Amino acid sequence: MDNYKMLINGNYVDSFSKETIFSVNPGTKKSVATVPRGVKEDINAAVQAARTAFETSGWREIPPADRSRLLYKISSLILENKEELVRLETSDTGKPLTQAQGDVDVAARYFEYYAGVADKILGETVPIRNDILNYTVREPLGVTGHIVPWNYPLQMTARSLSASLAAGNTAVIKPAEDTPLSALKLAELCEQSGIPKGVVNVVTGYGNEAGSSLAGHSDVNHITFTGSVVTGTAVMQLAATNITPVTLELGGKSPNIVFADANLEDAAQWVVRSITQNAGQTCSAGSRLIVEESIQDQFLEILKQKMERLTIGSENADIGPIISEKQLERIEYYMEIANEENANMLCGGKRYLNNNGFFFEPTIINNLPKESRLFYEEIFGPVLVVLPFKTSSEALSIANGTEYGLVTGIWTSDINKAHWLASRVNSGQVFINNYGAAGGVEMTFGGYKKSGFGREKGLEALKYYTQVKNVALKFTID
Ligand code: NAD
């Protein structure tokens with residue numbers, strides 16, 4: 001078992017607490033590593049290092065084209081170290097190899113994408129008067145804090161870190177306590193790329209210790225958080241004490257709306273994939289199926305067959321483990337509710353017991369009562385609930401009927417219906433006859449309603465890692 005240290009100001013250090021946390025592979029229940037149990041003093045040291053790096057390391061003044069080259073270098077280093085990153089990610093999360101490989105590729109792509117824009121962060125000139133040149137510049141914020149979840153540890157760290165660095169900020173990362181290893185490796189690669197010491201720092205530890213200290217730190221200029229609504233609310237409250245802006249990405253209850261005129265084979269393939277990818281532990285999981293009543297039975301039969309063909313396990317399986325016993329129990333709790341409500345489990349509905357880890361069978365549930373909590377709450381497992389509809393208006397009203405609004409999938413061959421729905425659903429992303437558009441580092445991503453606010457990915461994310469300064473220059477000509 002490896003014993004890791006945190007990276008603060010370019011040094012590998014233990015925590016002030018002198019304690020460690022075990023990282024457990026949920027596919028085997030075996031401890032794979034220890035990391036320091038970072039506490040407030042460690043966060044203070046990391047923020048101080050990031051602040052000093054921002055003010056004095058030259059990072060802020062570096063020509064944007066050079067910053068861009070450093071980000072390209074990080075992207076290349078991620079790919080050169082793919083094997084090790086995959087090993088760390090699979091041992092921390094238990095996820096199948098192909099999924100971890102995909103995550104590493106996406107992480108590299110984030111750095112590549114933002115490398116390409118680091119020298120294109122533009123201001124504007126604003127016409128005012130002939131003797132005044134008025135212009136805006138987009139400046140970095142300073143120190144950004146990144147509180148990362150456990151479902152896509154490397155991808156999520158790369159997502160916000162790459163955009164933040166492209167804009168010229170320095171960073172403190174707090175990975176999830178269940179999955180800290182790939183963030184540590186990524187920080188090491190950032191160091192190797194040649195960025196100044198202290199630009200990227202990682203403090204491992206629990207959310208209510210290291211996480212809350214980072215969220216409430218008075219010298220942090222922005223917090224990016226991905227996770228639950230409850231924790232997001234706590235993070236926002238802590239940040240509010242210092243008027244620190246936050247980007248919150250808080251999950252969803254995203255629907256796939258399937259009309260009778262859709263290509264049902266295509267739709268079924270993506271409905272299954274969108275709820276089973278990463279064992280359903282995906283913020284944008286397609287966890288509600290809103291299906292036209294006339295094809296409900298036929299469509300559910302196709303889904304059931306596809307679900308039952310999926311293999312469960314680690315390494316080469318289709319569906320990997322649930323992250324922890326706690327999360328598995330949470331899914332089981334929702335199954336108890338469904339059983340008490342006399343719902344119909346078309347498949348799954350229970351733990352998968354054929355191996356040692358925390359696995360759950362892919363599940364389809366229909367005939368739930370309208371008020372069932374399973375329609376409204378994020379379960380975060382491979383559990384699909386079914387809601388039939390008769391008219392487009394009814395489909396829209398069901399789709400918009402939760403507190404979330406992250407992603408919507410629409411499946412129909414009628415472009416008018418598709419566009420009508422796309423323009424009315426309360427959701428940050430809409431996919432028509434596809435779901436996810438192959439990952440989409442370039443596509444703006446973020447929530448309506450309680451799915452959060454602020455935007456990540458694409459050019460839009462840069463707005464959240466910069467602040468705009470207006471300069472008015474008065475001049476005279478003799
Ligand atoms: P969480 O939201 O509590 O944890 C996410 C991150 O926040 C972790 O790094 C954690 O250490 C940190 N954190 C926890 N408490 C904190 C605090 N008080 N201050 C600052 N940081 C804190 O998520 P969880 O408890 O691990 O999972 C619970 C539920 O959250 C899941 O069942 C799922 O519904 C949801 N979730 C959503 C996503 C997503 O991508 N939207 C990711 C993970 C979890």
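All values derive from a computational prediction rather than experimental measurement. Note that ligands are numbered from 1 as they come in the structure, with each ligand's atoms numbered from 1 the same way.
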Side chain, backbone, both or neither: which part of [X] has a heavy atom under 4.0 Å from ligand 1?
X	result
Gln281	neither
Trp150	side chain
Ser212	both

Considering only protein heavy atoms, which is closest to [atom], and at what distance to one decimal place?
atom	value
atom 38 (C) of ligand 1	Phe380 CZ, 3.3 Å
atom 39 (C) of ligand 1	Cys283 CB, 3.5 Å
atom 12 (C) of ligand 1	Ile147 CG2, 3.7 Å
atom 25 (O) of ligand 1	Lys326 NZ, 3.6 Å
atom 43 (C) of ligand 1	Pro149 CB, 3.6 Å
atom 28 (C) of ligand 1	Gln327 NE2, 3.6 Å
atom 34 (O) of ligand 1	Glu378 OE1, 2.9 Å

With atoms numbered from 1 as shown, which atoms in ligand 1 lie under 4.0 angstrom from a non-hydrogen atom of [X]?
X	answer
Gly211	19 (N), 20 (C), 21 (N)
Glu177	10 (C), 11 (O)
Val148	6 (C), 8 (C), 9 (O)
Ser228	1 (P), 2 (O), 3 (O), 29 (C), 30 (O), 35 (C), 36 (N)
Thr226	5 (C), 39 (C), 40 (O)
Lys174	9 (O), 10 (C), 11 (O)

[Y] versus [X], side-chain donor and acceptor atoms under 3.5 Å:
X	Y	answer
Ser15	Asp42	yes
Asn81	Arg87	no
Gln277	Thr282	no
Thr311	Asp318	yes
Ser427	Thr408	yes

### Query
Relative to Tyr404, does Lys450 satisfy both conditions: NZ or CZ under 6.0 angstrom from the six-membered ring centre, and within 45 degrees of the ring's axis?
no
Do Lys95 and Tyr152 form a cation-pi contact, if we require the NZ or CZ to be under 6.0 Å from the six-membered ring centre and within 45 degrees of the ring's axis? yes
I'd like to check whether [X] has a polar contact with ligand 1, where a contact means an N/O of the residue lying under 3.5 Å from an N/O of the ligand.
X	value
Gly251	yes
Thr231	yes
Gly207	yes
Val235	no

Is the number of heavy atoms from other residues, nucleotides or ligands within 6.0 Å of [atom1] ([X]) greater than 12?
X	atom1	result
Tyr376	OH	yes
Arg330	CZ	yes
Gln101	CD	yes
Lys197	NZ	no

Between Glu377 and Lys253 the two heavy atoms that sit nearest each other are O-NZ, 2.7 Å
Is the Tyr465 to His222 ring centre distance short of 6.0 Å? yes
| field | Protein heavy atom under 4.0 Å of atom 9 (O) of ligand 1 | value | yes
Look at ligand 1 and say whether Phe225 reaches it with a heavy atom at a distance under 4.0 Å. yes
